[in-house]
Engineer: 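Can you keep this structure in mind? I'll have questions shortly.
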Number of protein chains: 2
Amino acid sequence: MTKRNQWDRCDCKVIHEDVVNTVKEKMPPEETLYDLAELFKVFGDTTRVKILWALDKSEMCVCDLAVLLNMTQSAVSHQLRILRQARLVKYRKEGKIVYYSLDDEHVKQIFEQGLVHISERL
Amino acid sequence: MTKRNQWDRCDCKVIHEDVVNTVKEKMPPEETLYDLAELFKVFGDTTRVKILWALDKSEMCVCDLAVLLNMTQSAVSHQLRILRQARLVKYRKEGKIVYYSLDDEHVKQIFEQGLVHISERL
DNA sequence: ATAATATATGAATGATTATTCAAGTGTTCA
DNA sequence: TGAACACTTGAATAATCATTCATATATTAT
């Protein structure tokens, strides 16, 4: 008596086998899809979207962003670290003040594509 | 003796007041930025990225996707619900089989912009 | 009607994560 | 030197979320 698992119960794997295999061949490497998801995860937070949008308008220091977003400077700093690690923002120090700015010209385009999608679902 | 809060300790709000105000005026409405983040949150998961990528290549049923991604049908179905709610995929029923396909021509463009960013950080 | 199949879904669980709090580093100014 | 400032960071907490498991619905075949 062979034990059945979830896969054995699906006939599609036989019926659509060639479709699945063709798609499988066309899929990018696992790592690429993972990196892509990780990048979008960074965009998937209101605070970070606000920061990126603000920095697209003007270079700003951490304190400016905290005032603008009405958040603690600590919370902003934590989010800036994530944006730094994703190489979406860069910074320059001027005395004790740290000025952040965008480090990617594609951010705006990604946002715009997202906005198109949002505006279409009315 | 006036109690000081976090905002009182920051001089930037005085120094950079006009910059902050100018940026504030240029910011999109709160709701737009929230929706944008919600959309990217949907893209911010490896499973969903894989599903979207696969559906861009071919219409597929839930079982096909489960086999392709080596996941349980239940897990795939849960993620498809999220993609449906975000209006990124649509479906058609054929008997007991449900075929899913992409419902947005911008998905590919958003992915491509993301890939450009990833490929540039070497 | 019953069994098998394809999919959906609610509850539970474990993992991830945004924010807060407290403490730290480094710089400027008195 | 020391106090104030701008910012960073680690730990704790609370909220969110992906997956699993069990069950439910709908369709087809016997």
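Naming convention: chains lettered A, B, ... in sequence-line order (proteins, then strands); numbering from 1 in each chain. Basis for what follows: all heavy atoms, side chains included, without hydrogens, waters or symmetry-related copies.
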Engineer: What nucleic acid atoms does L65(A) come within less than 4.0 Å of, heavy atoms only: base, sugar-phosphate, or nothing?
Structural biologist: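 Nothing: the residue L65(A), judged by heavy atoms under 4.0 Å, touches no strand.
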Engineer: Identify the residue among R84(A), E59(A), K90(A) that makes a side-chain hydrogen bond (donor to acceptor under 3.5 Å, both in side chains) with Y100(A).
Structural biologist: R84(A)
Engineer: Evaluate the side-chain proximity of L52(B) to F111(B): yes if any heavy-atom separation is below 4.5 Å, no if none is.
Structural biologist: yes
Engineer: For the pair made of CE in M71(B) and P in dT7(C), what is the distance, rounded to whole Å?
Structural biologist: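 In whole Å, dT7(C) P lies 15 Å from M71(B) CE.
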Engineer: Side-chain contact test, heavy atoms from C-beta onward, threshold under 4.5 Å: evaluate it for H78(A) versus I82(A) and give yes or no.
Structural biologist: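 With C-beta onward as the side chain, the pair stays apart.
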Engineer: Distance check needed: dA18(D) C1' versus L83(B) CG, whole Å only.
Structural biologist: 13 Å
Engineer: Does the side chain of T72(A) get closer than 4.0 angstrom to OP1 or OP2 of dT20(C) through an N or O atom?
Structural biologist: yes
Engineer: Let me know the distance between CD of Q79(A) and C1' of dA18(C), rounded to the nearest Å.
Structural biologist: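 Those two atoms, CD and C1', are 6 Å apart.
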Engineer: Between the base of dT17(C) and the side chain of H78(A), is one N or O donor paired with an acceptor at under 3.5 angstrom?
Structural biologist: no
Engineer: Given dA8(C), is OP1 or OP2 found less than 4.0 Å from the side-chain N or O atoms of Q73(B)?
Structural biologist: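 No, outside the criterion.
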Engineer: Looking at dG10(C), dA18(D), dC7(D), which one has an atom nearest to any side-chain atom of V62(A)?
Structural biologist: dC7(D)
Engineer: Does R81(B) put a side-chain nitrogen or oxygen below 4.0 Å from OP1 or OP2 of dT7(C)?
Structural biologist: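 No, R81(B) has no side-chain N/O under 4.0 Å of OP1/OP2 on dT7(C).
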Engineer: Main chain of I110(B), side chain of H117(A): is a donor-acceptor contact present, judged purely on distance under 3.5 Å?
Structural biologist: no
Engineer: Give the rounded distance in Å between these two atoms: CZ of F40(A) and C1' of dC17(D).
Structural biologist: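 F40(A) atom CZ is separated from dC17(D) atom C1' by 19 Å.
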Engineer: Could you state the atom-to-atom distance from CD1 of I51(A) to C1' of dC7(D) in whole Å?
Structural biologist: 14 Å
Engineer: Which nucleotide, dA6(D), dA6(C), dA8(C), lies nearest any side-chain atom of I97(A)?
Structural biologist: dA6(D)
Engineer: Starting at CD of E38(A) and ending at C1' of dT16(C), how long is that distance when rounded to a whole Å?
Structural biologist: 11 Å
Engineer: Between dT19(D), dT27(C), dT19(C), which one does the side chain of K93(A) approach most closely?
Structural biologist: dT27(C)
Engineer: OP1, OP2 of dT19(C) versus side-chain N and O of T47(A): anything below 4.0 Å?
Structural biologist: yes
Engineer: Return no unless some side-chain N or O of Y100(B) is found under 4.0 Å from OP1 or OP2 of dA8(C).
Structural biologist: yes
Engineer: Counting distance alone, no hydrogens or angles: does the base of dT7(C) have a donor or acceptor under 3.5 Å from a partner atom on the side chain of S74(B)?
Structural biologist: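 Counting by modelled atom types and ignoring angles, no donor-acceptor contact under 3.5 Å is found here.
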Engineer: Send over the distance from L80(B) CG to dA8(C) P, rounded to a whole Å.
Structural biologist: 7 Å
Engineer: Do D103(A) and R87(A) sit within salt-bridge range, that is, some charged N less than 4.0 Å from a carboxylate O?
Structural biologist: no
Engineer: Look at the side chain of C63(A) and decide which nucleotide, out of dC7(D), dT28(D), dT27(C), has an atom nearest to it.
Structural biologist: dC7(D)
Engineer: Rounded to whole Å, please give me the gap between NZ in K41(A) and P in dA15(C).
Structural biologist: 15 Å
